[in-house]
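One structure is given here, and the rest of the page talks about it.
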Amino acid sequence: MTALTPLDTALLLPMTAHVALAACLYVLLTIARAPAIWGIGRRADGSNPWAKVEPRISANLSNQFEWPLFFHVACVVLMLLGASHAAIALAWLFVAGRVLHSVVQVATTNVRLRGLVFTANFVAVLGLWGLLLQAALAHA
């Protein structure tokens, strides 16, 4: 196996940031479900104050295991083939977009804005795969 350079391992930071985002969403979902599951934080009438936002948190958490799969695969393979500054920039663009996407999806019901933010994530991952293809062809 080829030794990884600092540039290659720099892709670990945005990957770790995305994992941290997913972990934060798990914590947020646990808090949102606590009134219904454990009775902690229930309103006086017994209802869950987070009932309206809980499905949005859950949906966003599920989203972290869909398109981001392609992000993580591209990053790992680029680390092995040789990362570039462009790959690192695209990886951070993806993570920033994921954070913004989470905020929009959890805090609002604005589907149009969420779609625009998702497009940035989508394009960033396609760019990573373009760099991956380029690197793979260069090594062939």
Side-chain angles (χ1 to χ4, degrees):
M1 180 172 158
T2 308
L4 297 175
T5 68
L7 189 60
D8 299 330
T9 58
L11 281 172
L12 283 173
L13 292 174
M15 292 172 68
T16 302
H18 181 253
V19 170
L21 171 62
C24 287
L25 287 166
Y26 272 115
V27 169
L28 191 59
L29 186 59
T30 300
I31 292 167
R33 289 181 174 169
I37 295 173
W38 296 299
I40 300 168
R42 265 190 208 148
R43 290 186 177 137
D45 65 0
S47 66
N48 182 352
W50 302 100
K52 289 185 180 181
V53 74
E54 184 271 333
R56 295 196 309 257
I57 298 167
S58 182
N60 187 261
L61 183 58
S62 292
N63 291 157
Q64 302 312 317
F65 299 96
E66 295 169 358
W67 189 243
L69 169 70
F70 298 107
F71 162 73
H72 287 280
V73 170
C75 286
V76 169
V77 177
L78 279 166
M79 287 172 60
L80 298 173
L81 293 177
S84 65
H85 291 287
I88 294 164
L90 286 169
W92 280 114
L93 174 64
F94 172 81
V95 171
R98 281 276 96 183
V99 170
L100 186 56
H101 182 267
S102 293
V103 169
V104 170
Q105 186 169 15
V106 171
T108 77
T109 57
N110 190 335
V111 177
R112 181 175 287 172
L113 178 58
R114 194 172 83 219
L116 288 172
V117 173
F118 175 79
T119 300
N121 298 308
F122 185 79
V123 170
V125 172
L126 289 180
L128 284 170
W129 276 89
L131 293 173
L132 173 56
L133 181 60
Q134 182 181 20
L137 291 174
H139 281 82

If you group Ile, Leu, Val, Met, Phe, Trp and Tyr by side-chain heavy-atom gaps below 4.5 Å, do [X] and [Y] land in one group?
| X | Y | value |
| --- | --- | --- |
| Val99 | Leu113 | no |
| Trp92 | Val76 | yes |
| Leu81 | Leu4 | yes |
| Val111 | Trp67 | no |

Closest non-hydrogen atom pair between [X] and [Y], with its separation:
| X | Y | result |
| --- | --- | --- |
| Leu61 | Phe65 | O-CD1, 3.2 Å |
| Ala74 | Leu132 | CA-CD2, 4.1 Å |
| Ala32 | Ile57 | CB-CD1, 3.9 Å |
| Gln105 | Ala59 | NE2-CB, 3.6 Å |

Hey, does Phe94 have a side-chain heavy atom less than 4.5 Å from the side chain of Phe70? no

Decide if atom CH2 of Trp50 counts as having more than 12 heavy atoms of other residues, nucleotides or ligands within a radius under 6.0 Å.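 No, CH2 of Trp50 has 12 or fewer neighbouring heavy atoms, counting only those of other groups under 6.0 Å.
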
List, one per line, each side-chain donor-acceptor pair under 3.5 Å for residues 6-29, sequence neighbours excluded.
unit_1 : atom_1 : unit_2 : atom_2 : d
Asp8   : OD1    : Ala83  : N      : 2.7
Asp8   : OD2    : Thr5   : N      : 3.1
Asp8   : OD2    : Thr5   : OG1    : 3.1
Thr9   : OG1    : Thr5   : O      : 3.4
Thr9   : OG1    : Pro6   : O      : 3.2
Thr16  : OG1    : Leu12  : O      : 2.7
His18  : ND1    : His72  : NE2    : 2.9
His18  : NE2    : Gln64  : OE1    : 2.8

Using links of under 4.5 Å between side-chain heavy atoms of ILVMFWY residues, direct or through other members, which residues join Leu137 in one cluster?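 Leu137 clusters with Leu133.
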
Would you mind writing out the side-chain donor-acceptor pairs for residues 118-127 within the sub-3.5 Å range, not counting sequence neighbours?
unit_1 : atom_1 : unit_2 : atom_2 : d
Thr119 : OG1    : Gly115 : O      : 2.9
Asn121 : OD1    : Arg98  : N      : 3.0
Asn121 : ND2    : Val117 : O      : 3.3

Return the set of residues passing side-chain contact (heavy atoms from CB on, under 4.5 Å) with Ala34 (not counting sequence neighbours), or none when no residue passes.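 By the side-chain contact (heavy atoms from CB on, under 4.5 Å) rule, Ala34 matches Trp38, Ile40.
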
Mind checking what makes side-chain contact (heavy atoms from CB on, under 4.5 Å) contact with Arg56, not counting sequence neighbours? Val53, Thr109

Which distance, rounded to the nearest 0.5 Å, do you find between the NE2 of His85 and the CG of Leu90?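 Reported to 0.5 Å precision, the distance equals 13.0 Å.
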
With sequence neighbours excluded, residues passing salt bridge (charged side-chain N to carboxylate O under 4.0 Å, His left out) with Arg33: Glu54

Could you tell me whether the side chain of Asn110 and the main chain of Val104 form a donor-acceptor pair under 3.5 Å? no

